[in-house]
Amino acid sequence: MTETPQAGAGRARGFSTHAIHTGQDVDEVFGAVVPPLHFSTTYAPDGIGNLRRGYDYGRAGNPTRTALQEQLAALEGGAHAFSFGSGLAAEDAVIRGLLRPGQRIVMGNDAYGGSYRLISRIHGDWGIANTPLDLNDHDRVAAELAHDDATLLWVETPSNPLMTVVDIKALAEIAHAHGALLLVDNTFASPYLQQPLSLGADVVVHSTTKYLGGHSDVVGGAVVLSDDALAEKIAFQQFAVGAVSGPLDAYLTTRGIKTLGVRMDRHSSNAMAIARHFEGHSAIERVLYPGLESHPGHELAATQMRDFGGMVSLQLAGGEPAARKVAEGTELFILAESLGGVESLMNYPHEMTHASVRGTELAVPENLLRLSVGIEDVEDLIEDLEKALGGL
Ligand SMILES: *Cc1c(COP(=O)(O)O)cnc(C)c1O
């Protein structure tokens with residue numbers, strides 16, 4: 001799982017070697033070790049019809065974007081990767097590329113709120129239905145996928161913000177037995193911790209805004225897959241719709257990805273320390289972290305993830321008022337949407353990231369806080385949370 005094949009070589013290169021070198025060949029003109037950032041929107045051919053390296057126009061292709069796509073494909077162990085202007089733009093390309101009106105998406109009932117909004121309120125209006133359910137209820141998943149119109153199974157693990165873990169391999173088998181495709185939103189884990197294609201998934205999507213970019217300074221999304229025919233459909237969406245990532249965004253994402261491995265190790269160890277420290281704390285009703293033995297998905301996560309990641313959710317014993325007070329009471333944990341950056345963030349999903357799913361089947365508890373644990377010194381992070389909880 002830590003290694004991806006390297007063409008022509010006896011042994012496979014490791015994850016971080018790919019992260020740093022794949023798509024990053026030394027520049028042929030100046031020898032620049034960091035490949036130049038290409039802003040040009042158009043490319044001069046060697047005479048009519050003779051494109052120099054296949055590039056003609058910036059929406060169709062850009063060398064900086066290609067470098068990112070090669071890097072992303074290598075990290076997920078896929079044959080093809082496509083980079084988009086946001087995670088939701090990437091998801092939209094998958095749905096429009098691979099589904100048709102009259103078809104239906106079967107999805108987890110605690111999927112990212114923005115994904116559900118896209119699927120229900122944009123694609124819903126264009127005739128694509130959805131069925132949210134508990135993805136650990138495999139009988140129900142199989143029953144839904146047995147219907148001909150259900151052609152895509154949409155999975156997020158660990159899920160946002162309830163940290164539910166589901167079995168990618170088992171769900172891939174169920175989907176394929178019914179002729180459906182399995183998509184995994186791998187944003188929370190990142191390819192360093194989990195590689196869904198190797199577990200049988202057909203399509204991986206990312207919000208690269210989160211761990212891949214890693215520094216809270218660039219919005220982006222990606223689709224990674226191995227099947228050539230499916231890839232052609234995504235490529236056509238990217239080209240014909242044009243929701244591509246710009247050159248600077250692609251460059252920043254590539255730069256962030258080079259340190260993904262070391263960041264994820266630190267995110268994971270900090271999150272584990274916080275989860276252990278606050279499990280059993282008098283102000284905390286429950287700590288939701290797959291790294292804890294008490295988490296119902298712990299053993300499964302241990303089989304399909306390298307480590308347990310940087311996201312921790314807390315349910316406060318004092319209910320909604322306590323959650324609101326802690327959310328606004330920390331100093332280092334910054335109250336903000338998003339996740340996956342080097343700095344720790346605090347989120348109150350009920351009214352922030354998941355406000356759009358209030359009152360639906362995907363609503364989240366009112367006493368829930370979601371922490372994106374950064375890579376600061378963990379003693380400082382624990383002290384910060386202790387102080388905010390002490391004020392209750
Ligand atoms: C943020 C996020 C998205 C959406 O990505 P954007 O880059 O914000 O468009 C999708 N899935 C998950 C799990 C996310 O956290």
Side-chain angles (χ1 to χ4, degrees), residues 68 72 76 81-96 105 107-123 130 132 135 152 154-166 168 183-194 196 201 203-224 237-238 241 243-246 249-250 252-253 256-257 264 267 271 288 290 305 309-313 336-341 345-349 352-357 362 364 368 370-374:
L68 169 60
L72 287 166
E76 284 289 359
F82 303 92
S83 142
F84 291 86
S86 73
L88 291 180
E91 295 179 4
D92 178 58
V94 171
I95 296 167
R96 284 200 282 181
I105 300 173
M107 62 192 295
N109 59 10
D110 59 352
Y112 172 69
S115 303
Y116 183 65
R117 179 177 56 213
L118 172 73
I119 289 168
S120 61
R121 294 181 53 192
I122 301 291
H123 298 111
N130 70 82
L135 291 170
L152 182 67
W154 188 285
V155 168
E156 212 181 302
T157 180
S159 72
N160 174 11
L162 297 178
M163 308 304 296
T164 305
V165 176
V166 300
I168 297 174
L183 173 146
V184 176
D185 180 340
N186 204 27
T187 300
F188 257 43
S190 90
Y192 180 70
L193 299 182
Q194 175 172 281
V203 183
V204 168
V205 294
H206 277 284
S207 169
T208 60
T209 315
K210 316 295 170 51
Y211 286 108
L212 289 165
H215 297 74
S216 307
D217 57 6
V218 57
V219 172
V223 179
V224 189
Q237 290 288 322
Q238 190 194 42
V241 176
V244 296
S245 42
D249 293 354
L252 285 171
T253 306
I257 287 173
M264 291 315 296
H267 282 297
L288 305 173
M305 298 177 75
M311 300 302 297
V312 179
S313 290
E337 307 226 352
S338 198
L339 61 109
L345 299 181
M346 164 79 69
N347 170 39
Y348 181 55
M352 295 171 64
T353 47
H354 289 63
S356 67
V357 292
L362 283 78
V364 297
L368 188 84
R370 189 191 75 185
L371 310 180
S372 173
V373 179

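Since the structure is predicted, the reported quantities are computational estimates derived from the model, not experimental observations. Both ligands and their constituent atoms are indexed starting at 1 by order of listing. Below, each value reflects all heavy atoms present in this structure, side chains not excepted, and no hydrogens, waters or symmetry copies.
A distance-only check finds no donor-acceptor pair linking the side chain of S207 to the backbone of T187 [under 3.5 Å]. The backbone N or O of T157 lies less than 3.5 Å from a partner atom in the side chain of Q194, making a donor-acceptor pair. With hydrogens and angles disregarded, a donor-acceptor distance shorter than 3.5 Å links the side chain of T209 to the backbone of G220.
Not a single N or O atom of E156, backbone or side chain, sits closer than 3.5 Å to an N or O atom of ligand 1. Checked by distance only, ligand 1 and L88 come closer than 3.5 Å through their nitrogen or oxygen atoms. For the pair G87 and ligand 1, the shortest N or O to N or O distance falls below 3.5 Å. At least one N or O atom of D185, backbone or side chain, sits closer than 3.5 Å to an N or O atom of ligand 1.
Side chains of F82 and Q237 form no contact here, defined as non-hydrogen atoms less than 4.5 Å apart. Contact annotation: the side chain of L371 approaches that of M346 to within less than 4.5 Å [non-hydrogen atoms, C-beta and beyond]. A heavy-atom distance below 4.5 Å is not found between the side chains of V223 and Q238.
In this structure, S338 falls outside the shell of residues with a heavy atom less than 4.0 angstrom from ligand 1. Using a non-hydrogen distance threshold of 4.0 Å, H206 does not register as a contact of ligand 1.
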_For L118 and I95: C-alpha separation, side-chain torsions, deciding distance, then whether side chain to side chain contact (heavy atoms under 4.5 Å, CB included) applies._
CA-CA 10 Å; L118 172 73; I95 296 167; 4.3 Å; yes
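G309 and A271 make their closest contact through O-CB, 3.3 Å (heavy atoms, listed as atom of the first residue, atom of the second, distance).
Which of Y112, F188, F84 comes nearest to atom 4 (C) of ligand 1 through a heavy atom is settled by distance: it is Y112.
For ligand 1 and S86, the ligand atoms under 4.0 Å from any heavy atom of the residue are 7 (O), 9 (O). Each of the atoms 10 (C), 11 (N) of ligand 1 lies under 4.0 Å from some heavy atom of E91. Residue G220 approaches ligand 1 through these ligand atoms, each under 4.0 Å from one of its heavy atoms: 7 (O). Taking every heavy atom of T209 and a limit of under 4.0 angstrom, the matching atoms of ligand 1 come to 7 (O).
Atom CG of N160 sits about 7.0 Å away from atom NZ of K210, to the nearest 0.5 Å.
For atom 15 (O) of ligand 1, the closest non-hydrogen atom on the protein side is K210 NZ, 2.7 Å. Protein heavy atom in closest approach to atom 8 (O) of ligand 1: S207 OG, 4.1 Å.
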